[in-house]
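Everything on this sheet refers to the single structure shown next.
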Amino acid sequence: MKTLRMLASGFAMLLILGLVNFYIGYHGWLPIHEWFSGVSSAVFWTLFMLIAFAYVIGMIPWPKSVKPIARFFKVIGSYYLACMEFAIIMLPLADLLYVILGWSGINRTYYIAEAGGTILILLAVFLVWGSINAWSTVIRTHSIPIDKSIGTSTPLTIAVASDLHLGNIVGNRHLKKMVAQMNAMQPDVILLAGDVLDDSIEPFIRNSMSEQIKQLKARYGVYAVLGNHEYYGGSIKEYTDLMSSIGIKVLQDEVEEVAGTYIVGRKDKTAETMEAGGRQSVSTLLEGLDLTRPVIMMDHQPTGFDVAAQAGVDVLLSGHTHRGQIAPNHWITKRLFELDWGYLRKDNLHVVVSSGYGTWGPPIRLASRSEIIKLEVMLEGSKKYSEEPVSTKTVLI
């Protein structure tokens with residue numbers, strides 16, 4: 001029964017996708033036929049449907065010999081996803097204007113050609129602007145006061161990045177920039193708050209991205225948690241073993257004691273449906289800890305703020321939402337989550353949700369930016385940091 005439901009859902013999604021793309025394709029054919037009357041409709045529709053379903057084609061597990069072609073299709077399909085969202089917004093507006101002009105008695109002889117040209121120009125602006133937002137990273141600084149002490153008056157500097165989505169599109173070039181920007185902060189701790197991978201681990205291994213990410217340097221270490229996309233990729237053990245081999249601990253419902261501070265890493269919420277044991281509650285994770293010390297928790301999806309506050313978490317770090325990535329999706333994420341991006345104070349809990357460093361699908365952002373978070377955790381205390389190395393140990397697994 002469950003299989004039948006999945007098949008029915010898949011068929012329904014493909015049907016909707018097909019209808020939407022027929023609508024877009026038809027509106028693409030009209031100006032092309034106006035501009036180039038000799039173009040064959042069969043050629044147009046064949047090329048258009050290949051592009052429209054390129055992302056789906058690229059996701060199919062093809063034999064190794066054709067994987068490079070599949071990767072090319074996935075890249076083309078990623079950009080088309082952005083174009084599709086743009087078209088879903090712009091084409092109904094163009095249709096509405098066409099109707100209004102007809103009601104007004106205005107001559108619409110050249111409307112298709114002129115509207116098609118205008119939409120193409122707007123699409124080009126959208127893609128260029130969105131690419132700049134996606135590839136040019138901003139660093140957002142949050143100073144967070146915590147009424148706890150670790151025996152130092154020096155702020156604890158924590159560099160945070162989420163949603164790297166390393167794969168066929170976000171690769172070593174963008175990763176190298178992130179490593180340089182985070183290392184330039186000279187952080188005490190670096191935290192990677194989930195979705196380091198973009199589903200498949202294959203391009204991460206093939207392009208030796210671990211050699212780049214292992215260049216991250218922090219005084220007390222680099223820690224990560226799983227996101228939903230690591231679960232989708234299905235290579236969690238291979239990924240966590242690889243990260244461990246380069247000195248990055250992936251916390252899975254674990255707590256590390258780091259320089260007098262607890263770093264808590266939850267399994268992603270996806271574990272509740274994809275793992276038999278699910279994931280531990282926040283209160284279980286914090287059981288037995290000395291809550292007079294700062295507690296900083298990574299939980300990829302920004303949920304359960306009340307529970308975290310009541311359990312004694314001081315700072316909660318999340319990502320996942322991308323702030324919608326492409327407007328007006330941020331209107332949706334804003335309603336789905338208590339906080340979809342930015343900073344929120346809830347009782348004694350400080351919540352920071354990042355819009356992410358990389359992108360899912362198209363490397364396009366509109367009304368969101370690629371970002372790295374710099375946290376300056378202001379603690380009570382009087383002693384200065386010792387220059388001696390501070391050991392770390394697992395206190396709860």
Side-chain angles (χ1 to χ4, degrees), residues 3 6-7 9-18 20-22 24-25 28 39-85 127 131 134-135 163-178 195-214 226-246 248 250 270 274 325 357-364:
T3 303
M6 288 178 64
L7 288 172
S9 297
F11 177 77
M13 288 181 64
L14 284 174
L15 179 61
I16 293 170
L17 187 62
V20 168
N21 281 297
F22 175 77
I24 295 171
V39 174
S40 165
S41 62
V43 171
F44 167 82
W45 280 105
T46 300
L47 290 174
F48 177 79
M49 295 310 288
L50 277 174
I51 293 171
F53 287 90
Y55 196 85
V56 176
I57 293 170
M59 292 288 288
I60 296 172
W62 296 100
K64 188 175 181 179
S65 59
V66 297
K67 277 189 178 296
I69 298 174
R71 289 196 293 268
F72 174 76
F73 268 90
K74 192 173 181 181
V75 171
I76 294 297
S78 295
Y79 278 98
Y80 177 75
L81 290 175
C83 296
M84 183 171 70
E85 180 162 350
L127 292 175
S131 294
W135 298 120
D163 301 276
L164 280 63
H165 287 277
L166 298 174
N168 289 314
I169 294 177
V170 181
N172 276 317
R173 184 177 179 181
H174 200 46
L175 177 58
K176 184 177 181 180
K177 287 168 56 182
M178 186 199 80
D195 280 1
V196 171
L197 300 181
D198 188 35
D199 301 345
S200 174
I201 196 173
E202 186 271 334
F204 185 81
I205 295 174
R206 172 169 45 84
N207 295 316
S208 301
M209 294 184 195
S210 60
E211 292 300 308
Q212 191 61 243
I213 203 169
K214 80 175 184 180
L226 299 172
N228 53 306
H229 281 263
E230 276 86 22
Y231 279 93
Y232 299 159
S235 303
I236 289 175
K237 187 177 188 310
E238 185 178 9
Y239 165 68
T240 54
D241 287 348
L242 179 56
M243 293 290 271
S244 178
S245 72
I246 59 174
I248 299 177
V250 180
T270 309
M274 292 187 69
Q325 190 165 312
Y357 183 74
T359 52
W360 177 85
I364 302 294

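Residue numbers start at 1 and run along the sequence shown.
Contact check for E238 versus I205: side-chain heavy atoms found under the 4.5 Å cut-off. Counting heavy atoms from C-beta on, the side chains of D163 and W360 never come closer than 4.5 Å. With a 4.5 Å cut-off on side-chain heavy atoms, V170 and D198 do not count as touching. Counting heavy atoms from C-beta outward, N21 and M84 have side chains that approach closer than 4.5 Å. Within the 4.5 Å cutoff, side-chain heavy atoms of Y80 are placed close to those of F48. Contact annotation: the side chain of I60 never approaches that of F73 to less than 4.5 Å [non-hydrogen atoms, C-beta and beyond]. Taking the side chain as every heavy atom from C-beta outward, V250 and I236 never approach each other to under 4.5 Å. With contacts defined as side-chain heavy-atom distances shorter than 4.5 Å, the pair F204/L242 qualifies.
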Kindly indicate, with the supporting measurements, whether the criterion side chain to side chain contact (heavy atoms under 4.5 Å, CB included) is fulfilled by Y55 and I76. CA-CA 7 Å; Y55 196 85; I76 294 297; over 6 Å; no

Please assess Q325 against E85 for the test side chain to side chain contact (heavy atoms under 4.5 Å, CB included), listing each intermediate value before the final yes or no. CA-CA 12 Å; Q325 190 165 312; E85 180 162 350; over 6 Å; no

Working for side chain to side chain contact (heavy atoms under 4.5 Å, CB included), residues C83 and L127: CA-CA 8 Å; C83 296; L127 292 175; 4.3 Å; yes

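When all heavy atoms are compared, the tightest approach of N168 to P203 is OD1-CB, 3.6 Å. Contact record, S210 with I246: O-CD1, 3.7 Å, taken as the closest heavy-atom pair. For the pair N207 and G167, the tightest heavy-atom approach, listed with the atom from each and the gap, is ND2-O, 4.4 Å. Nearest heavy atoms, G227 versus E230: N-OE1, 2.6 Å. Of all heavy-atom pairs between L166 and M209, the closest is CB-SD, 3.6 Å. Between T270 and Y232, the shortest heavy-atom distance links the atoms CG2-CE2, 4.2 Å.
No more than 12 heavy-atom neighbours from other residues, nucleotides or ligands sit within 6.0 angstrom of CD1 on I69. Other residues, nucleotides and ligands contribute more than 12 heavy atoms inside 6.0 Å of the NZ atom of K67. Remark: W135 CH2 is packed, more than 12 non-hydrogen atoms of other residues, nucleotides or ligands lying under 6.0 Å away.
Between the OG atom of S208 and the CG atom of N172 there is a distance of 7.5 Å, given to the nearest 0.5 Å. In this structure, T359 OG1 and L164 CG are separated by 10.5 Å, a value rounded to the nearest 0.5 Å. Interatomic distance, L50 CG to I57 CD1, rounded to the nearest 0.5 Å: 5.5 Å. Atoms NE2 and OG, from H229 and S200 in turn, are 12.5 Å apart once rounded to the nearest 0.5 Å.
Between W45 and F22, the ring-plane angle classifies as parallel under the 30° and 60° cut-offs. Taking the six-membered ring for Trp and thresholds of 30 and 60 degrees, H174 and Y357 have nearly parallel ring planes, at less than 30 degrees apart.
Neither side chain, Y231 nor D199, offers a donor N or O lying under 3.5 Å from an acceptor on the other.
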